[in-house]
Amino acid sequence: MANDEESSLLGRDGPSNFGKSFRTLPNSTNSPPCLQLFSPLRYWKNLIVVSVAFMLIMSAFGALANLQSSLNYSSGLGVASLFALYLGLILSSFITPLIVRLLSVKGTLVVCCFFYALYTAANFYPVAYTLIPAAVLLGIAGSPFWAAASTYMTTSAIQQAHVTDDVPETVINRFNGVFFCFFRLAQVWGNLISSLVLHDTSTAVTMNHCGRDSCGSGINIIIPKGGGHVPDKQVSVLLSIYIGIGLLAVPTLTFLLDRLPRMSNQENGDLISHVCDHLTSTTHLMKSPYLLRLIPIMIYNGAEQAFIVADFTQSFVSCTQGPGMVGYVMIGYGGADALASVIFGHLEKYTGRIAIFIFGGILHLALMIVFEVWNPHTSAMWNLILMSVGWGVGDAALQTQMQSMVGVLFSDAQEPAFANLRLWQALGFALTYVLAIPHVVCVSGKLYGLMTLLTFSLVCYILEEYALLRPSNH
């Protein structure tokens, strides 16, 4: 009975052929999934277009997010805006299928680009009534943006697997590896730009303690008399560059990205009925035991990315080296994450995803123990870079395999599945960011919390793999 319930909630028969030979829906490889398929080369072209567009967007947003906890440290407004962003993303997760359905997958990608530029522009006048609303709007656009990209890539991979008679999970892993390589390269280019522009702002941030003993900054949302803080010339130049780079993604997606061939079994019913079905499936999917066991690792994945962006950059880098060094250190994180994403995307075919998942988890646990005993004041820049490189490798291991696993497990319900993925990741982001504000919460406490969450997540993940391995799922 339990197995029947899992299968029905998953929307198909249980997964089969566990491990590196794990396949998607039986029908996805036995019958044509759409009316007319592209050539393999065209699928690769579209993957590169989506990946380049994301690299442009995230080069601007990612580097700016890294600087929020440093540039707006005294009032706590920078971290507060990131919390508002992910709170908006959580709320929008429930209407993501509606937005994607109304705008189409390609249209969603194009429209949402403008909200990233809006958030960057709000930093020209960073006060509560400009930065917070812009962050909320970006959060509302963020979930559809990611869900549309994930849907596009997974659908492309499944269709190409049919064309080339390949195993769908293998192609999905390969596509995700390439995508996350470009996505993480954004950390390299965006942070390189910030480091070059802010190269002479390397004075350490004024904080009482650094590293594990660093605590929240508090938040002041009172509007200063005479207006808000206007950034200096260097920051204004940086923001202008970021807006220009981000907006380049719009023509890239508009003119170079193909609309995917329509699925032959795609619903042709009225919009309201279709959207209601998607909204119902987004919440109904949360009851799936397969999804429930993945929720802890999804939350952790968001929390660990928020930690490296907010706490590591502020308490370990800016506190000891100054904001101008944040970019150089985070280049190591982005470069390592990008390279490891490609390697893990191809390595999974030979090792299976379990080894990669466990490796990423153990690496993060080891680094968190180092953060607990490390005194950043006595460390050189190369120590900070080495720590960021290790964190990027661990993130790549978890991110690529989880993205692929969701795409394979819920290949017949991609939009609600990826909406759930972004929702739980956003919850991890939001919790970490909001804990960066109160004075009473220090980095040490957050590290212990992350270690506990990661340990529990790995246990749940092992249980998930065991459920997929059971003979009843074949």
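This chain uses plain numbering: 1 for the first residue, then up along the sequence.
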Using 0.5 Å steps for rounding, measure from the [atom1] atom of [X] to the [atom2] atom of [Y].
{"X": "Ile358", "Y": "Thr351", "atom1": "CD1", "atom2": "OG1", "value": "12.0 Å"}
{"X": "Thr320", "Y": "Leu384", "atom1": "OG1", "atom2": "CG", "value": "5.5 Å"}
{"X": "Ile172", "Y": "Met405", "atom1": "CD1", "atom2": "CE", "value": "12.5 Å"}
{"X": "Leu398", "Y": "Ile297", "atom1": "CG", "atom2": "CD1", "value": "5.0 Å"}
{"X": "Thr130", "Y": "Leu77", "atom1": "OG1", "atom2": "CG", "value": "7.5 Å"}
{"X": "Ser156", "Y": "Phe179", "atom1": "OG", "atom2": "CZ", "value": "12.0 Å"}

[X]-[Y] side chain donor-acceptor pair, cut-off 3.5 Å:
{"X": "Ser104", "Y": "Arg259", "result": "yes"}
{"X": "Ser404", "Y": "Asn173", "result": "yes"}
{"X": "Gln68", "Y": "Gln314", "result": "no"}

Ring centroid separation for [X] and [Y], is it under 6.0 angstrom?
{"X": "Phe182", "Y": "Phe54", "answer": "no"}
{"X": "Tyr43", "Y": "Phe175", "answer": "no"}
{"X": "Trp424", "Y": "Tyr300", "answer": "no"}

Closest heavy-atom pair and its distance - [X], [Y]:
{"X": "Thr252", "Y": "Val49", "value": "O-CG1, 3.7 Å"}
{"X": "Asn46", "Y": "Leu257", "value": "O-CD1, 3.7 Å"}
{"X": "Ile245", "Y": "Ser59", "value": "CG2-CB, 4.4 Å"}
{"X": "Phe410", "Y": "Ala417", "value": "CB-CB, 3.5 Å"}
{"X": "Gln401", "Y": "Ile356", "value": "CG-CG2, 3.6 Å"}
{"X": "Met153", "Y": "Asn176", "value": "CE-OD1, 3.7 Å"}

With sequence neighbours excluded, what pairs up with Tyr152 under the ring pair (Phe, Tyr, Trp, His ring centres under 6.0 Å) test? none
CA sep, side-chain torsions, deciding dist, call: Gln305, Gln399, side chain to side chain contact (heavy atoms under 4.5 Å, CB included): CA-CA 10 Å; Gln305 291 181 68; Gln399 184 106 292; 3.6 Å; yes
Is a side-chain donor or acceptor of [X] paired with a backbone partner of [Y] at a separation under 3.5 angstrom?
{"X": "Ser457", "Y": "Pro296", "result": "yes"}
{"X": "Gln234", "Y": "Val197", "result": "yes"}
{"X": "Ser92", "Y": "Gly139", "result": "yes"}

Who are the side chain to side chain donor-acceptor pair (under 3.5 Å) partners of [X], not counting sequence neighbours?
{"X": "Tyr242", "value": "none"}
{"X": "Glu304", "value": "Asn301, Trp391"}
{"X": "Arg212", "value": "Glu372, Ser444"}
{"X": "Ser150", "value": "Gln403, Arg422"}

Scan [range] for pairs that pass salt bridge (Lys or Arg N to Asp or Glu O under 4.0 Å), counting only residues two or more places apart or in two chains.
{"range": "residues 308-317", "result": "Asp311-Lys446"}
{"range": "residues 138-158", "result": "none"}
{"range": "residues 41-64", "result": "Arg42-Asp258, Lys45-Asp258"}

Output a table of donor-acceptor pairs, distance under 3.5 Å, between side-chain atoms of residues 325-340 and any protein atom two or more places apart or on a different chain; print 'none' if there are none.
unit_1 : atom_1 : unit_2 : atom_2 : d
Asp337 : OD1    : Ala396 : N      : 3.4
Asp337 : OD2    : Arg184 : NE     : 2.9

Would you please test Gln425 and Met402 for side chain to side chain contact (heavy atoms under 4.5 Å, CB included) and show each step? CA-CA 11 Å; Gln425 282 181 325; Met402 182 173 59; 3.5 Å; yes
Does the pair Arg174/Glu348 count as a salt bridge with the N-to-O cut at 4.0 Å? no
Contact between Asn420 and Ile295 at the side-chain level, heavy atoms closer than 4.5 Å - yes or no? no
Does Leu131 reach the side chain of Asn123, with side-chain heavy atoms less than 4.5 Å apart? yes
Can you give the donor-acceptor pairs under 3.5 Å from side chains of residues 185-192 to other protein atoms, not counting sequence neighbours?
unit_1 : atom_1 : unit_2 : atom_2 : d
Gln187 : OE1    : Asn66  : ND2    : 2.9
Gln187 : OE1    : Asn191 : ND2    : 2.6
Asn191 : OD1    : Asn66  : ND2    : 3.1
Asn191 : ND2    : Gln187 : O      : 2.5

For Ile57, give me all partners under side-chain contact (heavy atoms from CB on, under 4.5 Å), at least two apart in sequence or on another chain. Cys113, Tyr116, Phe145, Ala249
Distance-only check: which donor-acceptor pairs under 3.5 Å involve side-chain atoms of residues 80-87, not counting sequence neighbours?
unit_1 : atom_1 : unit_2 : atom_2 : d
Ser81  : OG     : Gly78  : O      : 2.6
Ser81  : OG     : Tyr119 : OH     : 2.9

Do Val127 and Tyr125 pass the side chain to side chain contact (heavy atoms under 4.5 Å, CB included) test, and can you show the C-alpha distance, the side-chain angles, and the key distance before you say yes or no? CA-CA 6 Å; Val127 291; Tyr125 193 75; 3.7 Å; yes
Hey, mind stepping through Trp146 and Phe183 against ring pair (Phe, Tyr, Trp, His ring centres under 6.0 Å) and telling me if it holds? CA-CA 12 Å; Trp146 274 96; Phe183 172 60; 5.0 Å; yes
For Leu365 and Thr455, what are the C-alpha separation, side-chain angles and deciding distance, and is it a side chain to side chain contact (heavy atoms under 4.5 Å, CB included)? CA-CA 8 Å; Leu365 281 172; Thr455 302; 4.1 Å; yes
